[in-house]
Number of protein chains: 2
Amino acid sequence: MGKAANTRLTILQKSFDLIYVNGYQATSIDVIIATTQVTKGAFYYHFKNKDDMGMAVVNEVMYPAMTEVLIKPLINSADPVNDIYKMVHGLLLDNPHMQVKYGCPVNNLTQEMSPINEAFSQVLTRLVNECNEAIMQSVENGKKAGSIRANVDAWQVAYFVMSGYWGIRNFGKLFNSADCYHTFLKELHSYLQGLK
Amino acid sequence: MGKAANTRLTILQKSFDLIYVNGYQATSIDVIIATTQVTKGAFYYHFKNKDDMGMAVVNEVMYPAMTEVLIKPLINSADPVNDIYKMVHGLLLDNPHMQVKYGCPVNNLTQEMSPINEAFSQVLTRLVNECNEAIMQSVENGKKAGSIRANVDAWQVAYFVMSGYWGIRNFGKLFNSADCYHTFLKELHSYLQGLK
DNA sequence: TGCAAATAATACTAATCAGTATCTTTTATG
DNA sequence: CATAAAAGATACTGATTAGTATTATTTGCA
């Protein structure tokens, strides 16, 4: 990787970390260039403005990461009752890039930015829709394979699972403890069993 | 109500509106005093600082409102399958103080402030715990009344329902549409029926 | 090697932020 | 009515913000 490309990637990754912890609007460009040791001239060479950088963080850092941990594990799954549970369990408890205290980066950014910035809404919608579709598709596969009741609505399940995941992430932030994750996962397990 | 008490209440209510729409940190005191037509001297007479005002918004505006719409409808309920559904339905679709685009005020503030401000965490935890307890208690009542299976874990249900509600609120913000609420409510209905 | 383009560095601006110091007006009570 | 306290008004501060203008350096390539 060339030096310039490296500078750009450094900005994106460090910015992601700062936004994850402090929120987007509370993450100033001055702090970003201080932590990255990149000058303001370099920053504005690589990005048109702050929002341009924020959008790049979504598309080039968050999107690939979510694909890896949420979508890939569900593709070609014909046993969604187990695979969805495992995916959510992994997302909550086994992901080294997320911390209980700071919740889910996608959830955080959606909540903060979607009502006040249409461009953020769009890139986040694309990301979130793909997550929903992955869950939906796995449920459809399960229905075909007979591991899920035929009268289960796959879209409803997708929204229900994603909503639950986002919501319990917020509890985790509030209590700063993973205890609630275990409580949630037990009930998620019951719920998913009920789809059989 | 005296003039001073009225000034204070005006600040709290308008601040709530601004925080609900723009977030806490993005709501400046200058904007608050501009929209309330209250001077900065008056603001700092009634509140020690911005956080003091923010905490008062939680305790004196959000807490009573949440008690009214979430806790009261569940108290003395022995038919939680229906009453929890109705409560969530009302919260999502029939509450005049909330808008799809801006989500749930408690959820918003929790997400924004709990990781970075311990004092906010505490007042929000008190509020949220009471909501959870109301759901939990209604489930326990349902178990005693026989309308809910004995092997259902009431705490798990409370976390699951609250998580789902918070999560779908975030979808509503992202899509700026109540369509997803209906999808969610259908699956919530199925889930609650499964508790019988 | 020389030179143009890519990349980075520095210093600045105008706006906005939370908070303070000081002053004036209103209110309640003797 | 007099007076003290409550309540509100005004003007300011130093810090921080996103962004810009200008200059300097590094890089690839002829």
Side-chain angles (χ1 to χ4, degrees), chain A residues 1-58 60 108-109 112-113 115-120 123, chain B residues 1-58 60 108-109 112-113 115-120 123:
Chain A
M1 184 165 50
K3 196 189 169 196
N6 186 63
T7 301
R8 185 189 151 92
L9 196 62
T10 302
I11 293 172
L12 289 178
Q13 286 172 339
K14 288 277 184 188
S15 293
F16 169 80
D17 292 341
L18 289 166
I19 292 167
Y20 178 43
V21 170
N22 301 111
Y24 175 78
Q25 294 172 98
T27 299
S28 73
I29 292 168
D30 284 356
V31 167
I32 291 172
I33 64 177
T35 47
T36 51
Q37 307 267 52
V38 161
T39 63
K40 197 163 269 196
F43 181 95
Y44 278 99
Y45 173 79
H46 286 285
F47 304 101
K48 195 163 98 267
N49 50 39
K50 189 186 176 185
D51 283 1
D52 184 42
M53 180 276 297
M55 232 79 77
V57 167
V58 176
E60 296 168 43
N108 294 353
L109 200 56
E112 180 183 3
M113 298 306 292
I116 59 174
N117 190 309
E118 175 61 25
F120 271 93
V123 293
Chain B
M1 183 163 53
K3 197 188 168 197
N6 185 64
T7 300
R8 187 190 150 90
L9 196 62
T10 301
I11 293 172
L12 289 178
Q13 288 173 339
K14 288 278 183 188
S15 293
F16 169 81
D17 292 341
L18 289 165
I19 293 167
Y20 178 43
V21 170
N22 302 110
Y24 176 78
Q25 293 172 99
T27 299
S28 74
I29 291 168
D30 285 356
V31 168
I32 291 171
I33 65 177
T35 46
T36 52
Q37 307 266 53
V38 162
T39 63
K40 196 164 268 198
F43 181 95
Y44 278 98
Y45 172 78
H46 286 284
F47 304 102
K48 197 163 99 268
N49 51 38
K50 188 186 177 186
D51 283 1
D52 184 41
M53 180 276 298
M55 231 80 77
V57 167
V58 176
E60 297 169 43
N108 294 352
L109 200 57
E112 180 184 3
M113 298 308 291
I116 60 173
N117 189 308
E118 176 60 25
F120 270 92
V123 292

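All chains are named by letter (A, B, ...) in the order of the sequence lines, taking the proteins before the strands, and each is independently numbered beginning at 1. Quantities reported herein were computed from a predicted structural model and do not represent experimental measurements.
- Scanning residues 16-29 of chain A for heavy-atom distances under 4.0 Å to DNA chain D yields Thr27(A), Ser28(A), Ile29(A).
- Per the geometry, CD1 belonging to Ile32(A) stands 10 Å off P belonging to dT17(D), to the nearest Å.
- Asn6(A) has its CG atom 9 Å from the P atom of dA8(C), to the nearest Å.
- Glu112(B) places none of its side-chain heavy atoms less than 4.5 Å from the side chain of Asn108(B).
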_Does Gln25(B) form a side chain to side chain contact (heavy atoms under 4.5 Å, CB included) with Ile116(B)? I'd like the steps, not just the answer._
CA-CA 11 Å; Gln25(B) 293 172 99; Ile116(B) 60 173; 3.6 Å; yes
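- Contact between the side-chain N/O atoms of Thr7(A) and the OP1/OP2 oxygens of dT7(C) is not found at any separation under 4.0 Å.
- Rounded to a whole Å, the CG atom of Asp51(A) is 10 Å from the P atom of dA18(D).
- A donor-acceptor contact under 3.5 Å is not formed by the side chain of Lys50(A) with the base of dG19(D).
- Using a 4.0 Å heavy-atom criterion, one finds that Phe43(A) contacts no nucleic acid atom at all.
- Note on His46(A): every side-chain N or O is 4.0 Å or more away from OP1 and OP2 of dA6(C).
- Relative ring orientation between Phe43(A) and Phe47(A) is described as tilted, the plane-to-plane angle lying within the 30° to 60° band.
- Summarising the geometry, the separation between OH on Tyr45(A) and P on dT7(C) is reported as 3 Å, rounded to the nearest angstrom.
- When rounded to the nearest whole Å, the span between CG of Asp30(B) and P of dA9(D) equals 15 Å.
- Among all heavy-atom pairs drawn from Leu109(B) and Ile19(B), the shortest one is CD1-CG2, 4.2 Å.
- With no hydrogens or angles considered, a side-chain donor-acceptor pair links Asp51(B) and Tyr24(B) at under 3.5 Å.
- Atom pair Ile33(B):CD1 and dA9(D):P shows a separation of 10 Å (rounding to whole Å applied).
- Taking side-chain N and O atoms only, Thr39(B) has no distance below 4.0 Å to OP1 or OP2 of dG8(D).
- Taking atom CD of residue Gln37(B) and atom C1' of nucleotide dT10(D), one finds them 16 Å apart after rounding to whole Å.
- If you measure from atom OH of Tyr44(A) to atom P of dA18(D), you get 7 Å, rounded to the nearest angstrom.
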